[in-house]
Number of protein chains: 2
Amino acid sequence: MTYHTKYTMGEAIRQYEKAFNALGDPTRRTIFKKLQNGPLPVVAIAKGLTVSRPAVSQHLKVLREAQLINISSQGAQNIYEIDPKGIIAMRDYLDQFWNEALDRFKQLAEQSEKKKTKSK
Amino acid sequence: MTYHTKYTMGEAIRQYEKAFNALGDPTRRTIFKKLQNGPLPVVAIAKGLTVSRPAVSQHLKVLREAQLINISSQGAQNIYEIDPKGIIAMRDYLDQFWNEALDRFKQLAEQSEKKKTKSK
DNA sequence: ACTTACGGTAAGTAATGACTTACCATACAA
DNA sequence: TTGTATGGTAAGTCATTACTTACCGTAAGT
């Protein structure tokens, strides 16, 4: 019946789309979080996770294609680290909504500002 | 075999997790984008989309639970509009990585700042 | 009351995608 | 060269989820 086809083959997939898709998965968010404190080889990333090492490799691939992480080999090891490009793409996407719709809910925005002291 | 269980029943699902999950789907991003220019009733949202109206209702439910949109009924119509809470939750999540890992890629960060004039 | 428009929910199906094990390739050490 | 550690890819399976059609309830107009 083939009624269910997203990404209707004409349109290019943007960076932020890949990024949202990537961070849409909890395991990938866990992996991403692990890299927050610095670069790690794959085994270190997989350690402690409930899923197998190949599964981790597959997740890393998705994160890499979303430009949320970088790879760099060091001998037999593949070291992954956070790549700001994906984060920037997502922030820019969110800011777009932020800016254009801001006037409609200014009060709510202000509320959030108060309890944060907003870094930078 | 039950080898595949995420959200290991102890942990609460945070707001930003729901939000990332919600925007992880392309159809929901399309819907979300439609609301960017102001509130719309369901039929207006569904118009132009390739999926059925019930499918839209289901997506709206997910977006609502992620606090990315608000509902308000007006007679027989259900009007949806963007809710900043979900956006804020995601921004805060991203900012966390931003701040803690910033030193490792300062130069890239600066690049992005330049071509944006950074709202607020 | 009857009809029409709006839209949520139920039940079932099909596509997607998150996993598994098995295998292979590469780097380095003995 | 042989062995060991690292990690990517292949093929297949199962869970999830994005859909469908059918149905029902509510609001407003005639």
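We name chains A, B, ... by the order of the sequence lines, and we start the count at 1 in each one. Only heavy atoms go into these numbers, but all of them, side chains included; no hydrogens, no water, no symmetry mates. Every value quoted in this text rests on a predicted model; they were computed, and no experiment measured them.
Atoms CZ and OG1, on A/Arg29 and A/Thr27 in that order, are 9.0 Å from each other to the nearest 0.5 Å. If you take CD on A/Gln15 and CG on A/Leu68, they are separated by 8.5 Å, rounding to the nearest 0.5 Å.
Within the 4.0 Å cut-off from OP1 or OP2 of C/dC19, at least one side-chain nitrogen or oxygen of A/Thr27 is found. An OP1 or OP2 oxygen of D/dC19 is reached within less than 4.0 angstrom by a side-chain nitrogen or oxygen of B/His59. Contact annotation: B/Ser52 reaches the phosphate of D/dT20 (side-chain N/O to OP1 or OP2, under 4.0 Å). OP1 or OP2 of C/dG8 has at least one side-chain nitrogen or oxygen of B/Tyr80 nearer than 4.0 Å.
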- Verify side-chain contact (heavy atoms from CB on, under 4.5 Å) between B/Leu40 and B/Tyr80, making sure each step is shown before the conclusion. CA-CA 5 Å; B/Leu40 287 176; B/Tyr80 286 90; over 6 Å; no
N/O contacts under 3.5 Å, protein versus nucleotides 1-6 of chain D?
none

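Between A/Leu49 atom CG and C/dA18 atom P there is a gap of 15 Å when expressed in whole angstrom units. Rounded to whole angstrom, the span from the CZ atom of A/Phe20 across to the C1' atom of C/dG17 amounts to 20 Å. Atom pair A/Gln74:CD and C/dT26:C1' shows a separation of 15 Å (rounding to whole Å applied). Distance B/Leu60 CG to D/dC19 C1': 15 Å, rounded to the nearest Å. With rounding to whole Å, B/Arg53 atom CZ is found 18 Å from D/dA18 atom P.
Not a single donor-acceptor pair under 3.5 Å links the side chain of A/Arg28 to the backbone N or O of A/Leu23. One N or O on the side chain of B/Glu17 and one on the backbone of B/Arg14 form a donor-acceptor pair closer than 3.5 Å.
Of the candidate nucleotides D/dT20, D/dG8, C/dT9, C/dT9 has the atom nearest to the side chain of B/Lys61. For A/Ala55, taking side-chain heavy atoms from C-beta onward, the closest of the listed nucleotides C/dA18, C/dT20, D/dA18 is C/dT20. Closest to the side chain of A/Gln58, from the set C/dT9, D/dC19, D/dA11, is D/dA11. Comparing atom distances between the B/Asp25 side chain and each of C/dA18, D/dA18, D/dT9 picks out D/dA18 as nearest.
Among A/Ile71, A/Val43, A/Ile45, the one residue that satisfies the side-chain contact (heavy atoms from CB on, under 4.5 Å) test with A/Asn78 is A/Ile71.
Taking B/Phe20 as the reference, B/Tyr93 meet the ring pair (Phe, Tyr, Trp, His ring centres under 6.0 Å) condition, with sequence neighbours excluded.
Within 4.0 Å of A/Arg28, counting heavy atoms only, lie sugar-phosphate atoms of the nucleic acid but no base atom.
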